[in-house]
Amino acid sequence: KQEVTQIPAALSVPEGENLVLNCSFTDSAIYNLQWFRQDPGKGLTSLLLIQSSQREQTSGRLNASLDKSSGRSTLYIAASQPGDSATYLCAALTQGGSEKLVFGKGTKLTVNP
Amino acid sequence: GAGVSQSPSNKVTEKGKDVELRCDPISGHTALYWYRQSLGQGLEFLIYFQGNSAPDKSGLPSDRFSAERTGGSVSTLTIQRTQQEDSAVYLCASSYAGILYEQYFGPGTRLTVT
């Protein structure tokens, strides 16, 4: 059974800092891994999707990497801004049997001006 | 274009009553998903539709939960005889052509069972 873990659960940084959010998964047989952002009281916004054959994806100040063999993904946010404050969720789409997105519990990021 | 919409945005109901939650996916998206997000818990997969059929119902927590999709578009999630532990945010998502595609989420329905 796939388990996805995100560490830390919460992170507070000053504006302008570069930061890394971590995601680990127990079953490396995945189709892809997705990173989402969730603002309070809102749904999820997809940030990046990395296919299992890819090593990384970039969008603006965001860069996500994937290392299937070690069961890890990281989301790098460059030059953080207060508007980046949100909860960041990673989710692994697992192969075989019941194919579904399995989510971590998220990292709550606060960027202080 | 329009994103995924859900209604109602908030629902307060008494224990034992039935509730229906509605999801309108992005036009043209053939796959639709329901998730539940409880306080302090991660997102929990409930059910997945491809067209009008549900190849994976494995996440439905009990037989009080059911879902249907008609016309390959709108879906309703029904919870019968609601219990307090059903209180959560219910999120719907859709994707273009199936489980391998990026999922786009609606704003959710916050259900409170008193």
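Only heavy atoms go into these numbers, but all of them, side chains included; no hydrogens, no water, no symmetry mates. Residue numbers start from 1 in every chain, and the chains themselves are labelled A, B, ... in the order their sequence lines are given, proteins ahead of strands.
Of the two parts of Tyr35(B), only the side chain, counted from C-beta on, holds a non-hydrogen atom closer than 4.5 Å to a non-hydrogen atom of chain A. Using a 4.5 Å cut-off between heavy atoms, Leu91(B) contacts chain A through its side chain alone, with no backbone atom that close. Leu44(A) touches chain B through backbone and side chain together, each having a heavy atom under 4.5 Å away. Of the atoms belonging to Gln6(A), not a single heavy atom falls under 4.5 Å from chain B. Contacts of Gln103(B) with chain A are made by both backbone and side-chain atoms, with heavy-atom separations under 4.5 Å.
Dense packing is recorded around CZ of Phe65(B), with more than 12 heavy atoms of other residues, nucleotides or ligands lying under 6.0 Å away. When the shell of 6.0 Å around CZ of Arg55(A) is examined, it contains 12 or fewer heavy atoms from other residues, nucleotides or ligands.
Clustering ILVMFWY residues whenever any of their side-chain heavy atoms sit less than 4.5 angstrom apart, transitively, puts Leu46(B) in a cluster other than the one holding Val102(A). The same ILVMFWY cluster, assembled from side-chain heavy atoms under 4.5 Å apart, contains both Tyr88(A) and Ile50(A). Under the 4.5 Å side-chain heavy-atom criterion for Ile, Leu, Val, Met, Phe, Trp and Tyr, Tyr33(B) and Val89(B) are members of the same hydrophobic cluster.
Expressed to the nearest 0.5 Å, how far NZ of Lys100(A) lies from CD1 of Ile47(B) amounts to 12.0 Å.
Ser70(A) meets the side chain to side chain donor-acceptor pair (under 3.5 Å) test with Asp67(A); sequence neighbours excluded.
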Tyr31(A) vs Ile99(B), side chain to side chain contact (heavy atoms under 4.5 Å, CB included): CA-CA, chis, key distance, verdict: CA-CA 10 Å; Tyr31(A) 288 114; Ile99(B) 194 79; 5.5 Å; no
Leu101(A) and Leu43(B): CA distance, side-chain angles, deciding distance, side chain to side chain contact (heavy atoms under 4.5 Å, CB included) verdict: CA-CA 9 Å; Leu101(A) 273 180; Leu43(B) 264 85; over 6 Å; no
